[in-house]
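Below: the structure, in structure tokens.
Side-chain atoms are counted along with the backbone in the values below, which use heavy atoms only and exclude waters and symmetry mates. Here, residue 1 is the first one in the sequence, and each next residue gets the next number.
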Amino acid sequence: MAPYFLRNLVPKREARAHDRPLLQVLASLTWIQWGHFWSGWLAWTCDAIDFFSVSLSVTRLQDQFGRSTHDITTAITLTLLFRSAGAVIFGIISDRYGRKWPLVLNLLMIAVLELGSGFVETFHAFLGVRSLFGIAMGGIWGLAAATALENLPVEVRGLASGVLQQGYAVGYLLAAVINLTLVPETSTTWRSLFWTASGISAFAAVIRMLLPESDVFIRAKAAERARGGSTKKKTQIFIHETWEMLKRHWLLCIYAILLMTGFNFLSHGSQDLYPTYLTNAKLFSDHNATVATIIGNCGMRTDPPCSGGAIAGWLSQYIGRRLTIIIFVLLIGAFIPLWILPTSFGALAAGAFCIQFGVQGAWGVIPIQLAEISPPAFRATFPGVAYQLGNVSSLPWYLPSHPALSIGPFRVIQMVSSASAQIEATGAANLHTTIKDHNGQIKTVSDYATVQGILIGVVAAFVLVITIIGPENYGSHFEKSKAAFEEGAGRGDLVEDENQTDGSPTGSRPASLQVVDEKRATPEPV
């Protein structure tokens with residue numbers, strides 16, 4: 001008999017026996033549910049706008065501070081290094097106190113720090129502000145994903161996962177549009193980009209402020225008030241349940257970090273040095289390399305309903321999370337030759353599109369996959385920390401030489417975090433090939449094509465294996481689990497007599513989430 005992890009790739013038919021058609025579920029969503037989802041999406045989009053403000057302003061920042069490119073990108077490095085701390089801090093606050101106000105606070109911090117970035121006058125002040133921004137930035141993904149997904153019916157969470165993940169790409173495009181249109185027309189140049197991004201983040205905070213708390217926390221807090229629980233007691237329970245969760249799920253934590261390490265290598269290994277590959281190894285002009293990169297990005301940055309992420313998320317609702325990831329990773333492997341072997345503009349651009357469609361398709365399943373395998377009471381902390389720690393293994397895209405990063409733990413983290421781009425750059429520097437230039441002359445170039453093809457092939461194989469052997473909790477009703485400040489949360493206990501917790505026959509959960517109450521005789525695995 002095949003191992004369990006292979007037999008469990010496709011969800012059992014009974015797991016979807018009571019599911020309603022997707023369009024019917026979408027039509028049944030309330031304005032509050034739509035608001036929760038789009039507020040989470042908007043928060044993730046703002047995260048991207050604020051982050052890419054620096055990378056889109058490198059040249060102007062060089063002129064402002066009189067520094068080299070390497071020095072300016074120190075700000076990006078510091079932001080990335082501090083993200084894991086933010087994921088821990090804001091994830092814990094959210095799982096302890098609720099989704100609403102921690103996300104509002106997180107967005108307001110980002111808005112203030114982005115605004116401050118536009119007012120600094122010295123380079124060291126700029127580095128300090130962007131370091132603090134990294135802490136705030138690290139909290140957004142976990143809180144946004146929890147807010148967007150936990151209030152939706154199970155039947156629509158796959159599609160929602162894919163659309164949510166594409167918010168980051170939309171944020172990049174918005175930042176690029178602002179940089180191309182507003183910045184050249186203002187006397188403050190790069191500062192106007194930061195100020196505009198700050199305003200958008202503040203707007204997102206107001207939107208979340210106007211929406212109610214997540215149903216899960218409304219129910220949990222009402223139950224605690226009925227039992228007479230104090231804030232001090234709830235905090236003590238939260239600490240105990242957090243320790244209980246870590247004792248039970250430490251291996252799952254390691255697995256999730258490894259999974260996200262593979263995914264981040266997959267995306268950054270296929271994206272970060274792609275323009276360099278085209279100009280150095282294929283002798284494209286800067287203009288053609290940029291156009292080819294944009295075409296490739298259309299595989300992940302088209303309108304959300306048409307994106308690889310949204311399609312994969314929708315598909316995962318029917319064939320399962322892991323199988324969907326496996327299919328899209330296999331697509332990546334199949335298109336590697338088209339990505340590296342051609343010499344014409346059209347063929348290489350098509351290869352880039354296909355590769356990025358596969359990469360972002362696999363990524364589109366990640367928010368719901370992490371949410372479902374997470375210890376249910378800790379689905380803001382667990383996915384957020386796993387995501388950011390996985391990112392550390394493949395970021396940043398740059399290896400700056402600023403003295404602030406030359407000592408102590410920063411040097412260690414720097415060596416680890418530069419992995420994907422540094423592997424490709426080092427490999428290409430030591431591996432060469434010959435091609436004909438535009439004049440028909442033989443020219444020796446760095447063989448980025450071979451290096452990137454090998455790296456993406458190896459990483460795709462790693463993601464394939466770790467996905468196959470990993471867990472899946474398809475269709476998990478994690479909204480039924482106890483909140484992290486309730487006893488038994490660390491074990492993944494379900495709410496007792498849930499339908500009566502608020503004195504009503506249906507409780508505070510959306511009606512679309514109640515249809516499976518009667519069929520659940522035993523707890524689902526967590």
Side-chain angles (χ1 to χ4, degrees), residues 10-11 16 19 21-23 25-26 29 33-34 36-45 47-48 140-173 259-260 262-264 266-267 270-271 296-332 353-374 379 383-384 386-387 390 463 467 472-476 478:
V10 180
R16 299 187 59 249
D19 285 1
L22 178 62
L23 293 180
V25 178
L26 290 173
L29 296 181
Q33 289 173 301
W34 280 114
H36 278 141
F37 172 76
W38 288 112
S39 68
W41 180 90
L42 181 59
W44 185 225
T45 301
D47 186 287
I140 291 292
W141 191 84
L143 275 62
T147 298
L149 298 178
E150 70 185 9
N151 296 290
L152 293 175
V154 173
E155 301 98 323
V156 78
R157 285 176 181 166
L159 174 63
S161 172
V163 176
L164 171 68
Q165 189 61 27
Q166 300 310 298
Y168 206 71
V170 175
Y172 172 84
L173 286 181
L259 178 68
M260 297 315 300
F263 264 87
N264 281 292
L266 201 60
S267 57
S270 64
Q271 296 164 14
N297 287 346
C298 289
M300 61 174 175
R301 288 173 177 151
T302 49
D303 291 337
C306 303
S307 68
I311 292 172
W314 167 80
L315 186 63
S316 76
Q317 200 64 40
Y318 299 94
I319 66 173
R321 317 304 184 198
R322 289 186 300 144
L323 185 56
T324 302
I325 292 173
I326 290 168
I327 290 172
F328 277 82
V329 171
L330 289 174
L331 281 176
I332 296 170
F353 178 92
C354 293
I355 285 285
Q356 291 308 319
F357 185 85
V359 169
Q360 295 307 313
W363 262 105
V365 187
I366 284 299
I368 187 59
Q369 169 68 351
L370 285 182
E372 289 180 337
I373 69 172
S374 297
R379 58 185 175 274
Y387 182 95
V463 172
T467 300
E472 181 171 348
N473 200 12
Y474 171 83
S476 169
F478 44 68

Check: [Y] and [X] side chains under 4.5 Å, non-hydrogen atoms:
X    : Y    : result
V154 : F478 : no
V463 : F263 : yes
L29  : P153 : yes
L315 : F328 : yes
I366 : M260 : yes

Enter the distance from [X]:[atom1] to [Y]:[atom2] here, rounded to the nearest 0.5 Å.
X    : Y    : atom1 : atom2 : answer
F357 : I332 : CZ    : CD1   : 11.0 Å
T467 : R322 : OG1   : CZ    : 8.5 Å
Q360 : S267 : CD    : OG    : 7.0 Å
E155 : L23  : CD    : CG    : 12.5 Å
Q317 : R157 : CD    : CZ    : 9.0 Å

With no hydrogens and no angle check, do the side chains of S316 and R321 hold a donor and an acceptor under 3.5 Å apart?
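Side-chain D/A pair, S316 to R321: present.
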
With [X] via side chain to side chain contact (heavy atoms under 4.5 Å, CB included) - residues at least two apart:
X    : result
I327 : I319, L323
P367 : W141, L149, S161, L164, Q165
A43  : L103, L107, I140, A144

Of all the heavy-atom pairs spanning [X] and [Y], show the shortest one and how long it is.
X    : Y    : value
V365 : G313 : CG2-N, 4.5 Å
A310 : V163 : CB-CG2, 4.0 Å
V156 : L22  : CG2-CD1, 3.7 Å
L152 : A160 : CD1-CB, 3.5 Å
S39  : H36  : OG-O, 2.9 Å
G40  : A148 : CA-CB, 4.3 Å

- Message: With a 6.0 Å cut-off on the ring centroids, do W41 and W44 count as close?
- Response: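 No; W44 has its ring centre 6.0 Å or more from that of W41.
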
Does the side chain to side chain contact (heavy atoms under 4.5 Å, CB included) test come out yes or no for Y168 and D47, once each step is laid out? CA-CA 7 Å; Y168 206 71; D47 186 287; 3.3 Å; yes

Suppose we screen for side-chain hydrogen bond (donor to acceptor under 3.5 Å, both in side chains). Which residues come up paired with T147, at least two apart in sequence or across chains?
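T147 satisfies side-chain hydrogen bond (donor to acceptor under 3.5 Å, both in side chains) with no other residue.
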
query: Checking side chain to side chain contact (heavy atoms under 4.5 Å, CB included) for the pair I368/Y474: CA distance, chi angles, key distance, verdict?
result: CA-CA 9 Å; I368 187 59; Y474 171 83; over 6 Å; no

### Query
Do any N or O atoms from the side chain of E372 and from the backbone of G475 form a donor-acceptor pair under 3.5 angstrom?
yes

